[in-house]
Every structure is written in structure tokens, then in C-alpha cells.
Amino acid sequence: MCVVAFLAAAAPRAQAPKHLALVGGMLITGYDVPPIHHAAIVIEGNKIVAAGPASEIKIPADAAIVDTSGRVMLPGLIEAHGHLIVLGQGSYDTWFPWIKQHGGDAMLKRVMEISARQLLMAGVTTTVDLGAPLAASLSIRDRINKGEIPGSRMLVSGPWISRGAGGAMQEGFGGINVSSSDEAGRETDRLAAAGVDLIKAHAGLTRDDYKAIVDAAHKRGIRVHAHVYAETDVRNALEMGVDVLQHAGSAGTAPPYSPELITDIVNAGRPVVVTAAHRAWIYADTAAFPERLQDPALKQLYGPEIYEEVQRSLANWPTLGYFNRTDREMLFRERGVKQFIESGAVMGMGTDSGTPMNFHSEALWREIKVHVDMGMTPMRAIQAATRVNAQIINRRDLGSIEPGKTADIIAVTGNPLFDIVALSHVEVVVKDGTVYKGGPAMDNKPRNTTASK
Ligand SMILES: [Zn+2]
Ligand SMILES: [Zn+2]
């Protein structure tokens with residue numbers, strides 16, 4: 001409740017302090033260097049102007065101070081694969097008709113606002129949305145950017161481009177079916193002209209389709225992400241120049257991939273976003289702790305109407321169609337992820353958040369934990385979700401804490417380099433220089449400009 005109250009107070013950009021300083025905590029910059037102890041970060045407007053040991057950083061006299069003593073500061077997390085129009089409900093077959101019957105576009109808007117807020121409060125300051133109706137995608141992105149609603153900064157694909165897809169998922173997410181490569185190129189051009197930030201090319205497209213999409217997108221200066229699981233789809237997307245391979249390695253088909261494919265991906269330097277946790281780990285984790293589905297935080301954020309529908313949809317969840325292939329996926333899940341970790345491939349971090357039982361409030365730390373459990377060092381995993389993801393989405397102003405970068409910073413309780421689950425304890429969120437969680441207005445700590453411990 002106090003979060004909401006504070007957001008309301010902090011929303012108008014004009015009231016933001018000229019200077020803001022986060023002082024006292026350990027600093028993980030996003031680079032592969034040792035953390036800086038007892039650090040300070042100074043923000044002017046929406047930019048970082050200084051970062052380093054607090055003893056060496058001059059805090060401007062007018063700065064509002066966020067005391068991060070005893071915590072760990074790191075770049076705002078970036079989610080490279082989310083879906084705002086879904087909230088972790090059990091089935092698309094019931095979810096989208098339910099939205100239609102409960103307000104239609106107004107309900108869809110509310111759902112997307114909830115998702116964007118959930119992400120932000122979980123320390124995810126930037127999210128790539130890879131599939132939603134066009135107008136709704138552009139609208140939420142722009143309203144967040146204008147500061148009208150609190151939410152993760154969005155980069156949106158709008159509808160994906162596919163061939164021969166159908167059913168509730170295709171309809172609900174607004175997927176575009178094409179019947180020729182020319183059409184695929186034209187649709188890409190139309191989406192780019194409408195203002196999407198990137199294109200999502202679904203599985204099942206031909207090599208010529210991928211080529212047409214990539215050519216049209218690159219002409220417009222935007223990137224193409226492919227939704228690919230099967231070896232052939234991954235190879236086609238890779239060879240036709242798709243910029244990011246989403247889902248590859250998440251055991252949606254039968255890995256391991258051939259060593260030749262892995263080698264080609266590594267040599268091409270083509271980024272991979274595995275989305276490992278959805279289905280295979282989420283299913284097992286929920287079997288071990290089904291109570292996670294009734295997390296009180298969900299109840300509070302969703303409100304009774306949505307919460308009850310999500311609960312209803314998750315009754316008897318092990319039998320949901322979404323988890324039909326989970327036995328096979330659990331068999332292959334470790335090999336799928338390890339194959340890429342051990343290969344040295346460029347790896348980002350994304351989760352398919354919003355998909356069944358994959359709640360926005362925790363999807364990213366779960367995904368990062370899977371990568372760490374599978375052998376990625378915590379430092380590399382944090383970099384994947386920050387600096388590497390920023391490169392993948394072509395936002396080089398994001399992803400690290402250093403002068404000149406956009407001020408997206410979070411602070412967590414506990415050391416994520418010791419236990420990565422510390423990323424689930426996000427206490428402070430600063431996005432674009434504005435404090436959205438854990439700011440000076442929320443606590444009664446003295447506004448102490450020194451960094452004494
Ligand atoms: Zn996908
Ligand atoms: Zn997805």
C-alpha cells in the first residue's frame with residue numbers, strides 16, 4: 001500500500017530532485033570486475049554522473065539520499081522476453097475469452113499495467129515485450145515513458161509474424177499469419193512504420209521469410225528476434241541473419257543441438273536467450289511448493305477479480321495443456337542450458353514471463369537462478385541480465401552503472417554473488433533517475449550525506 005502511495009507522490013517528473021545519490025552499499029557495475037565496497041552513485045536528472053567508492057565521490061549538497069548501506073546496488077535488470085498481456089494464468093483458451101467478457105480492451109489495459117508494475121517492483125527496469133496486439137503495446141510503452149503510469153520501460157514487438165498458426169494463443173496475442181515471404185517483408189515494414197521497437201519472427205517461417213523480415217527490419221534500423229526451438233528453425237533463423245535467438249536451448253524439442261549448430265552460433269556471436277525456467281523448472285518448482293501460486297503479493301497486485309480468475313485457471317494445474325510436454329522437457333532441461341553456457345555463446349536473459357505460473361514478479365530471478373545452478377557464475381548471470389541484455393536490445397545507455405548511463409539502479413538485500421536468490425529481495429528501484437521503490441520518502445532514515453557505516 002505504501003508503495004502505491006509513494007508512486008503517486010513520485011510520479012510527476014517535475015518534482016524529481018535534481019540530484020539523487022545512492023550511498024553506502026556494495027556496487028556491482030555490470031562489468032566483469034570486482035564489486036566496489038561502500039560505494040556511492042550520483043544521479044543528475046536521469047543520468048548517472050558519478051559512481052565509485054563513497055570516500056572518493058562528492059555528493060552534491062542538494063542531493064536526495066537513498067541510504068543503501070548493508071545492501072548491494074546493481075544495474076536495473078533487463079527482461080529480454082516478457083508478455084504483458086498475460087499474468088501467469090493456466091490457459092490461453094480461457095484467459096483471452098475471460099478478458100473479452102470482462103471489459104475487453106479496458107481489462108487488457110489493466111492487465112498490462114499490472115504486469116508492467118510487477119516487473120518494475122521486481123527490479124526489472126526494462127522489458128522486451130515479444131507479442132501483444134499492436135495498439136495496446138504501443139500505448140502502454142508510451143504511457144510509461146511519459147510517466148503517466150509506473151512500469152518497467154518497455155520495448156515492444158507488437159504482434160509476431162508467423163505462418164499457419166492458429167488457436168487461442170495466436171488470436172489472443174494478435175499474431176500475424178503470412179502466406180508469402182513478400183508479405184512477411186511488408187508486414188515487417190508496416191509494424192516498423194507503426195513504431196515497434198523490434199520484430200518477433202515466430203517458428204515455422206521459411207528461410208526466405210526470415211530473410212525478408214530481417215531485410216525489412218534492418219532497413220528500418222530495428223532488430224529481429226526469432227522464437228525458435230527446433231534445430232532446423234534455429235539454423236534457419238541464424239543463417240538468415242535474425243539478430244537474437246529466443247527459446248533455443250529451453251528443451252522445447254529434444255536437445256542437445258548438434259555441436260555444429262552450437263559452434264556456428266558461437267562463431268557468429270549471435271545472442272541466445274534460452275528462457276530455460278518456463279515450463280521445465282517452473283513446473284518442478286511448483287510441484288515442490290504449490291503454495292507459490294497463492295503468493296499474497298499476487299493477490300494484492302491483481303485485485304480480487306483477476307486474482308480469482310487466475311486461481312480458477314490454475315486449479316489442477318499439472319493437467320494443463322501448456323505442460324503436456326513437460327516430462328520430456330525435464331529430461332533434457334539441464335543439457336539444453338549447459339550446452340550454451342559451456343559453449344561461450346553470447347547469452348542474454350529472458351523468461352517468457354506472464355506464461356502459465358511464470359509470474360512477472362519473480363520470473364527473472366528464477367531464470368537467473370537456473371543459469372547459475374547450471375554452471376554460470378553469479379557475476380556472469382547478472383551481466384547477462386544487465387549489460388549483455390542492453391547490447392542485445394541495442395540500448396547501450398542501459399545495463400551498467402557508470403557516468404553517462406541512464407540511471408536505472410536497484411538495491412537488494414543480501415549478496416547475489418554469494419546467493420543469487422538475493423535478487424528476489426529488491427528493496428530499491430530507480431528508473432530513469434526516479435525512485436519507484438525504497439526511496440527517501442518511504443523510510444525515516446536520516447538524510448545523511450556522508451557514507452559512514
Ligand atoms: Zn516466443
Ligand atoms: Zn514468448
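One-based numbering along the sequence shown. We use all heavy atoms of the structure for the numbers below, so side chains are in, but hydrogens, waters and symmetry mates are not.
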Ignoring hydrogens and angles, tell me if any N or O in the side chain of [X] forms a donor-acceptor pair with the backbone of [Y] under 3.5 Å.
X      : Y      : value
Asn267 : Gly269 : no
Thr377 : Arg380 : yes
Glu79  : Thr351 : yes
Thr68  : Val23  : yes
Asp295 : Ala297 : yes
Ser250 : Ala276 : no
Arg335 : Pro256 : no

Atom [atom1] in [X], atom [atom2] in [Y]: separation rounded to 0.5 Å?
X      : Y      : atom1 : atom2 : value
Met349 : Gln383 : CE    : CD    : 10.5 Å
Leu261 : Thr263 : CG    : OG1   : 8.5 Å
Lys437 : Arg117 : NZ    : CZ    : 11.5 Å
Leu22  : Ile59  : CG    : CD1   : 9.5 Å
Tyr322 : Ile282 : OH    : CD1   : 9.0 Å
Ser313 : Leu293 : OG    : CG    : 9.5 Å

Point to revise | Derivation and outcome, salt bridge (charged side-chain N to carboxylate O under 4.0 Å, His left out), residues Arg366 and Asp285 | key: CA-CA 10 Å; Arg366 284 181 178 278; Asp285 292 351; 3.1 Å; yes
Do the side chains of [X] and [Y] get close enough for a salt bridge, i.e. N-O under 4.0 angstrom?
X      : Y      : value
Lys338 : Glu342 : no
Arg141 : Asp197 : yes
Glu329 : Arg333 : no

Study note, to complete from the structure: The single option from Ser115, Ser152, Ser353 that satisfies side chain to side chain donor-acceptor pair (under 3.5 Å) with Thr127 is Ser152
Atom pairs and distances, side-chain donor-acceptor, residues 415-423, under 3.5 Å, sequence neighbours left out:
from: Asn415; atom 1: OD1; to: Leu417; atom 2: N; distance (Å): 2.9
from: Asp419; atom 1: OD1; to: Val421; atom 2: N; distance (Å): 3.1

Can [X] and [Y] be counted as having a side-chain donor-acceptor contact under 3.5 angstrom?
X      : Y      : value
Asp352 : His83  : yes
Thr126 : Arg153 : yes
Gln89  : Glu309 : no
Asn358 : Thr355 : yes

Review point. Does Arg279 make a cation-pi contact with Phe323, if we ask for NZ or CZ under 6.0 Å from the ring centre and within 45° of the axis?
Key: no
Tell me, do [X] and [Y] make a side-chain contact under 4.5 Å, heavy atoms counted?
X      : Y      : answer
Ile199 : Leu191 : yes
Leu119 : Leu84  : yes
Ile265 : Val234 : yes
Glu367 : His278 : no
Met107 : Val111 : yes
Phe340 : Val274 : yes
Leu87  : Gln118 : yes
Asp408 : Pro75  : no

Contacts table for residues 392-401: side-chain donor-acceptor under 3.5 angstrom, sequence neighbours left out:
from: Asn394; atom 1: OD1; to: Arg223; atom 2: NH2; distance (Å): 3.4
from: Arg395; atom 1: NE; to: Asp397; atom 2: OD1; distance (Å): 2.9
from: Arg395; atom 1: NH2; to: Asp397; atom 2: OD2; distance (Å): 3.0
from: Asp397; atom 1: OD2; to: Thr406; atom 2: OG1; distance (Å): 2.7
from: Ser400; atom 1: OG; to: Glu402; atom 2: OE2; distance (Å): 2.6
from: Ser400; atom 1: OG; to: Lys405; atom 2: NZ; distance (Å): 3.0

Review point. Should Val346 and Arg270 be marked as a side-chain contact (heavy atoms from CB on, under 4.5 Å) after you check the CA-CA gap, both sets of side-chain angles, and the distance that decides it?
Key: CA-CA 6 Å; Val346 176; Arg270 200 65 52 81; over 6 Å; no
Check your understanding: Who are the side-chain contact (heavy atoms from CB on, under 4.5 Å) partners of Asp215, not counting sequence neighbours?
Key -> Lys211
Revision key, fill the gap. Sequence neighbours excluded, the answer for side-chain contact (heavy atoms from CB on, under 4.5 Å) partners of Glu56 is Pro53
Point to revise | Intermediate values then yes/no, side-chain hydrogen bond (donor to acceptor under 3.5 Å, both in side chains), Ser258 and Glu231 | key: CA-CA 8 Å; Ser258 68; Glu231 170 128 1; 2.6 Å; yes
Check your understanding: Under the salt bridge (charged side-chain N to carboxylate O under 4.0 Å, His left out) criterion, do Asp142 and Lys146 qualify, and how do the steps go?
Key -> CA-CA 6 Å; Asp142 295 346; Lys146 284 183 209 152; 5.9 Å; no
Check your understanding: Taking the six-membered ring where the residue is Trp, are the ring centres of Trp317 and Tyr283 under 6.0 Å apart?
Key -> yes
Review point. So which pairs with a foot in residues 354-412 pass ring pair (Phe, Tyr, Trp, His ring centres under 6.0 Å), sequence neighbours left out?
Key: none
Check your understanding: Val426 and Met121: side-chain contact (heavy atoms from CB on, under 4.5 Å), yes or no, with the steps?
Key -> CA-CA 8 Å; Val426 174; Met121 291 304 130; over 6 Å; no
Practice item. Would you check, one step at a time, whether the test side-chain contact (heavy atoms from CB on, under 4.5 Å) holds for Trp95 with Ile85? Key: CA-CA 10 Å; Trp95 178 246; Ile85 65 170; 5.5 Å; no
Practice item. Give the C-alpha distance, both sets of side-chain angles, the deciding distance and a yes or no for side-chain contact (heavy atoms from CB on, under 4.5 Å) between Val310 and Tyr302. Key: CA-CA 9 Å; Val310 171; Tyr302 287 3; 4.0 Å; yes
Side-chain atoms of residues 237-247: list all donor-acceptor pairs with protein atoms under 3.5 Å, sequence neighbours left out, distances to 0.1 Å.
from: Glu239; atom 1: OE1; to: Arg207; atom 2: NH1; distance (Å): 2.9
from: Glu239; atom 1: OE1; to: Arg207; atom 2: NH2; distance (Å): 2.9
from: Glu239; atom 1: OE2; to: Arg235; atom 2: NH1; distance (Å): 2.6
from: Asp243; atom 1: OD1; to: His218; atom 2: NE2; distance (Å): 3.1
from: Asp243; atom 1: OD2; to: His218; atom 2: NE2; distance (Å): 2.8
from: Asp243; atom 1: OD2; to: Val224; atom 2: N; distance (Å): 2.7
from: Gln246; atom 1: OE1; to: His81; atom 2: ND1; distance (Å): 2.9
from: Gln246; atom 1: NE2; to: Ala80; atom 2: O; distance (Å): 3.1
from: Gln246; atom 1: NE2; to: His225; atom 2: ND1; distance (Å): 3.0
from: His247; atom 1: ND1; to: Tyr229; atom 2: OH; distance (Å): 3.3
from: His247; atom 1: ND1; to: Thr275; atom 2: OG1; distance (Å): 2.8
from: His247; atom 1: NE2; to: His227; atom 2: ND1; distance (Å): 3.0

Check your understanding: Under 6.0 Å from the NZ atom of Lys299, do we count more than 12 heavy atoms belonging to anything else shown?
Key -> no
